[in-house]
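Counting starts at 1 for both ligands and their atoms, following the listed order.
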Amino acid sequence: MTALRERVWWKEAVVYQVYPRSFNDSNGDGIGDLPGITARLDYLKALGVDVIWLSPHFDSPNADNGYDIRDYRKVMAEFGTMADFDRLLAGMKERGLRLIIDLVVNHTSDEHRWFVESRKSRDNPFRDFYIWRDGRNGSPPNNYTSFFGGSAWHKDETTGQYYLHYFAGKQPDLNWENTRVRAEIFDLMRFWLDKGVAGFRMDVIPFISKPAGLPDLEPAALAHPEFIYANGPRVHEYLQAMHREVLAPYDAMSVGEAFGVGFDAAPLFTDIRRGELSMIFHFDIVRLDRDNWRKTNWTLPQLKATYTRIDRAAGEFGWNTSFLCNHDNPRTVSHFGDDDPAWRVRSAKALATLTLTQRATPFLYQGDELGMTNYPFERIDQYDDVEVKGLWRTLVESGKVPAAELLAHLRQTSRDHARTPMQWSNAAHGGFTTGTPWLAVNPDHAEINAASQVGDANSIYHHHRRLIELRRQVPALVHGDYQDVDPEHPQVFVYTRVLDDQRYAVLINFGRTMVDYSLPQGVRIAASVLDNGAGVTAAAGQTRLSLAPWQATIYRLQ
Ligand code: ISL
Ligand code: CA
């Protein structure tokens, strides 16, 4: 089996994403912080994860919750000090946990020293660190749009030129064409690697090389500019240099946020023979039911087809991630499961089974292990996110979309669903803070919290723990070939994972009704290995199964 040729550590790891602002507040100011994370390392170790991905912890004015960095070598004051960071890393090392940090280098904050200099004059030595152009007859240099609303260009009065920003105006894009920019970035990466971090999650990394000549987007591209932004002519040259000069010498793990990367282009980023990234995040699953800001519907055959395409895109020499949530998405159980109290626990466990049995490195988002749900947002003033504010400005305030319509979509799609604080206990504010949380805690923390689940062997938390343990013991669940054996079934997801003579099948009923199911040819059960407790598992040789609502079982096959 060729896939086994590359049994590198990061393929076998399970990653847990911490959004520091919302994880655990140690000093009562309502904002999660680094000492708060250190205090919960035993909880994470007991869950069994290997790697923690920390969303940005750098000095930032927080126009986009840290995805706008003012100083790459300083810790955000609200989160603590460099000494707190060193203690967190030491605590992780003691427990055999690795840390990857968030590398946000497509853009900086406009308050970064480089940009403060750059905007001063056309001949400032830092001018060329960013992308400045003259306007076109009093309008922006081209028709690029920002993901947070409006033009991607901002006219800076000091010099009369425009700078490019794919995200907020406070997030100017760096000019990677400039060799000094690349040298600075490679240096700051080494700064953190020398401290002992194990690698990086790379924010919108395919965007770093800008389209040659910055021509207008064709009308058809305007709705999804990411597919143009992600295909700049030099992106692979830059990533290969980064790999050669920075990542490889440290054996560092890298995971690229491949926003805008199509399936065909995936191997260009992750084929191990090219020396670029370890793995990428595809957005085709979390965006299956989205048309920009609009929520649409998804079907199970569509979801299954997407899993297959993602697996095939990685091929033999590439590698994938498996995730259903992150800090930019609604909650896993509300999005793909059923957060009705009658079905929440079963469906959250079923989705954990799905996520943790892919041929990919699983990424769990904080609170997923508890089945945390979307927040019941009602009004615009309950949201914090810069993206929501941009949508409100460009759609509602301009009169294009009625307020009630946008609110109905946001209630299902907003990034703030994932950003409400971790629910540690049934205490006030879910035990997240003794003060006033920066974003309200979900009122369901009385039911859904870590304290109650750690003490309950049948909880969603313990189901995650058992799945992680099983994955560690069974190489076929990590490296084995992935095959969807019934792509058309509207309610049952069945796939096999095969490595040499080890054969497994995963069966998941994606619905509230019982399904009378005949196993496809060639799938012969030997024994149930791990089940989510929703129903009765099948015996060896049984071919007709009665699948209970949201039942999810891993079987060893004959
Ligand atoms: O979440 C999105 C829209 O709903 C995406 O467009 C998102 O902005 C995109 O996936 C890029 O995300 C990353 O970069 C952004 C930051 O706001 C996100 O939090 C980050 O994950 C800019 O740094
Ligand atoms: Ca705090």
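Checking Leu88, Asp102, Ile37, Asn65 one by one against Pro20, the side-chain contact (heavy atoms from CB on, under 4.5 Å) holds for a single residue, Ile37.
In this model, no donor atom of one side chain and acceptor atom of the other lie less than 3.5 Å apart for Gln382 and Asp416. Residues His327 and Tyr67 bring a donor and an acceptor atom of their side chains to less than 3.5 Å of each other. A side-chain donor-acceptor contact under 3.5 Å links Asp33 and Ser26. Under 3.5 Å, the side chains of Gln358 and Asn320 contain no donor-acceptor pair of N or O atoms. In this model, a donor atom of one side chain and an acceptor atom of the other lie less than 3.5 Å apart for Gln161 and Arg127. Between the side chains of Asp50 and Trp10, no donor-acceptor pair of N or O atoms lies under 3.5 Å.
Closest to atom 5 (C) of ligand 1 by heavy atom, among Trp293, Phe259, Phe283, is Phe259. Which of Tyr166, Phe167, Phe207 comes nearest to atom 15 (C) of ligand 1 through a heavy atom is settled by distance: it is Phe167.
At a heavy-atom distance under 4.0 Å, no atom of Glu226 approaches ligand 1.
Regarding atom 21 (O) of ligand 1, its nearest protein heavy-atom neighbour is Asp328 OD2, 2.5 Å. Summary of contacts: the protein heavy atom closest to atom 20 (C) of ligand 1 is Asp203 OD1, 3.0 Å. Shortest contact from atom 12 (O) of ligand 1 to any protein heavy atom: Glu257 OE2, 3.0 Å.
Here is the list of ligand 1 atoms found below 4.0 Å of a heavy atom in Phe148: 17 (O). For ligand 1, the atoms sitting less than 4.0 Å from at least one non-hydrogen atom of Val204 are 11 (C), numbered in the order shown with element in parentheses. The distance from ligand 1 to the heavy atoms of Asp64 drops below 4.0 Å at these ligand atoms: 15 (C), 16 (C), 17 (O), 22 (C), 23 (O). Near Arg419, meaning under 4.0 Å from any of its heavy atoms, are these atoms of ligand 1: 19 (O). Listed by number with element, the atoms of ligand 1 under 4.0 Å from a non-hydrogen atom of Glu387 are 2 (C), 3 (C), 4 (O). Near His327, meaning under 4.0 Å from any of its heavy atoms, are these atoms of ligand 1: 18 (C), 19 (O), 20 (C), 21 (O).
With the Ca ion (ligand 2) at the apex, Asp25 OD1 and Asp33 OD2 define an angle of roughly 90° (rounded to 10 degrees).
By the 30° and 60° cut-offs, the orientation of the rings of Phe207 relative to Phe147 is parallel.
Nearest N/O/S atom of Asp29 relative to the Ca ion (ligand 2): this is OD1.
Counting all heavy atoms, side chain and backbone alike, Trp319 lies closest to Ala314 at N-CB, 3.9 Å. In terms of heavy-atom proximity, Asn106 sits nearest to Asp173 at ND2-OD2, 3.0 Å.
The side-chain heavy atoms of Arg190 and Val246, taken from C-beta on, include a pair separated by under 4.5 Å.
Within the 4.0 Å heavy-atom cutoff, His107 counts among the residues contacting ligand 1. Under a 4.0 angstrom heavy-atom cut-off, Met202 registers as lying outside contact with ligand 1.
Within the 3.0 Å limit, Pro35 places no N, O or S atom next to the Ca ion (ligand 2). Among the backbone and side-chain atoms of Ser26, none of the N, O or S atoms lies under 3.0 Å from the Ca ion (ligand 2).
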